[in-house]
Amino acid sequence: MIDLALLLLTAAGFACLCASVARHQPALFGRALPKRRARILKRAGWSMLALATMLACINFGSGYGLVEALGFASLGALAAMALLSRATRQNARR
Amino acid sequence: MAWLHTWVGLVLGWLLYAIFVTGTSAYYQEEITQWMTPEIGSAAVASDKSFAAAADWVQHKAPDAQEWSIFLAGKRAPGLQLYWTNGPDAPADAPTEARLDRQGREVKARETQGGYFLYRFHYDLHYINWYWARWLVGIAAMAMLVAILSGIITHKKIITDYFMLRLGKGQRSWLDVHNASSVLFLPFVLMMTYTGLVSLATHYMPWGIAANYADTEKFYAAAFPYPSPPEKTGAAKLAPIGPMVAAAERNWGMAAGGVRVLNPGDRSAQVIVSSGVDGNMSARPRSLTFDGATGRLVSAHDPSGAATATEGVMIGLHAGRYAQPILRGLYFLSGIAGCVMIASGLILWTVKRRPRLADPDKPHFGFQLVEKLNIGAIVGLPLGIAIYFLANRLLPVGLAGRGDWEIDSLFLAWLAAFIWAAVRPSPRAWAETTAVTVLLFAAVPIVSALTTGRNLFHSIAAGEWIFAGFDLAMLALAAGFWTAHRRIVRRARGAAEGRRPQRNTAPA
């Protein structure tokens, strides 16, 4: 259960970070986002990653939790990347 | 910096790939061994009961033994390993070791090195002296550190490119795959390379010990105490082992991993219980010594000092023995990402240089050499591992030196892949070796079902998850190589029909 939460949090966190980068916005939204919204996305992304790390440390203890949080961070980033890659390809087709 | 990254990565990349592939398999070392010794049941028994049963067995089998050791390689280990020293009256050819299952019954399993061989290969290699092998592996690991750090510097837009993966775009895609696998899994790859070096640090830099201890043995005696049997003082029955193990486990709050008994059956008997390898993050065990005749606790040994603790945790982090199933899975996936990173880097070397060739149909020798070595190393090793598993099921159970034959089959198959790559045109060799690898991995569960009577559906129904998981992993590997094979074939066909420009005909 906690593992699923960690995966979702890190994936969502990295998706937000990805969406906050100006270069990726056309592929995801078809246009650039206003600076303010990008900043909110960035903060939300980092907060989710911090929350995931905290949850993991509370649940497993700080050493084990940190390792597990890093592991899930890699997996979550991979998921976010797959999402962006898909969006880019769909936009290219349109 | 780009120059450094390219050439250091190329020269040691093939060895690093082999280290990463076999090292990654080592996260499931016990499971692989379990699969390769299907005679041993996988019932879980509390460790104190296992040790007590094994102690009964050895006392019955070798009553005059001067000392014996029982090892249980963690909760996931399929069985216990026993070693003992016979008394002076025993015949010279009396056995001195045995394998028991977790209920303390001797098992006659087929002779195999199992997952241990793959684990061992990742730092000791094979067919060459381990001492030089470790130096070679150490140089490769240093090169890896250099490649990682120079790679980070070379890859300037590390943050903005972070999520880029453009597939089907030739060189660009290879670069994206290489970047994604290394950047996304950077914490893992960096940690593994560094801690790998630390675990063999005393091999590479013995001078720290030499400067502080006149005799190297004295350092090891202080760091890893291993007492000899004391003088005998007269017969006395050995107290039951089970309660001592249980007491030690309560004391540490984790499972025991080994029991060593000195002078069993004597008043001077000592029982040394050490903690298991998977109890906590540190790889350095703790131990408690009990009086063998009375069962009273005599002394405790804990690794002490900040440096020892740091080293223990670093080695522990590298080996991941402490990891629970989910974290173990993350370790394994990260390991695969590391393999992909190295393989894509090696392939990128050729992809980048192909357009610059004077005649792409007749590349110069250096280019050909790299491409052939890439095929032999990247596809050949997984192919050899599939053969290793098949040999485990197909070689006669009674064959003398069977364990070595299994290993030889791996290297023969790997060698065959190199030869195949050398004699065939490279694009064909990519397609053919990957096709053979698909067939071999897909054959593993089928051959296993035919030769052992354990098939995938039966394993799932019976809840034997190690066997089911292994078969499924083989099918997943077959599927992975099938995807690679399809891409290679599509590329080659596209090139042949002239639908794509020549420079995109890189092996997938």
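Bear in mind the structure is a predicted one, so any value in this text is a computation, not a measurement. Basis for what follows: all heavy atoms, side chains included, without hydrogens, waters or symmetry-related copies. By convention in this document, chain letters (A, B, ...) are assigned in the order of the sequence lines, proteins followed by strands, and residues within each chain are numbered from 1.
- Chain B is approached within less than 4.5 Å, heavy atom to heavy atom, by A:Gly63, A:Tyr64, A:Val67, A:Glu68, A:Leu70, A:Gly71, A:Phe72, A:Ser74, A:Leu75 from residues 43-75 of chain A, ordered by number.
- In terms of the salt bridge (charged side-chain N to carboxylate O under 4.0 Å, His left out) criterion, B:Arg328 has no residue partners (sequence neighbours excluded).
- Contact annotation for residues 2-13 of chain A against chain B (heavy-atom separation below 4.5 Å, listed by residue number): A:Asp3.
- With sequence neighbours excluded, the residues that form a side chain to side chain donor-acceptor pair (under 3.5 Å) with B:Tyr331 are B:Tyr322.
- With a 4.5 Å cut-off on non-hydrogen atoms, B:Phe185 touches chain A through its backbone and its side chain both.
- Within the 4.5 angstrom heavy-atom criterion, only side-chain atoms of B:Ile326, from C-beta onward, approach chain A.
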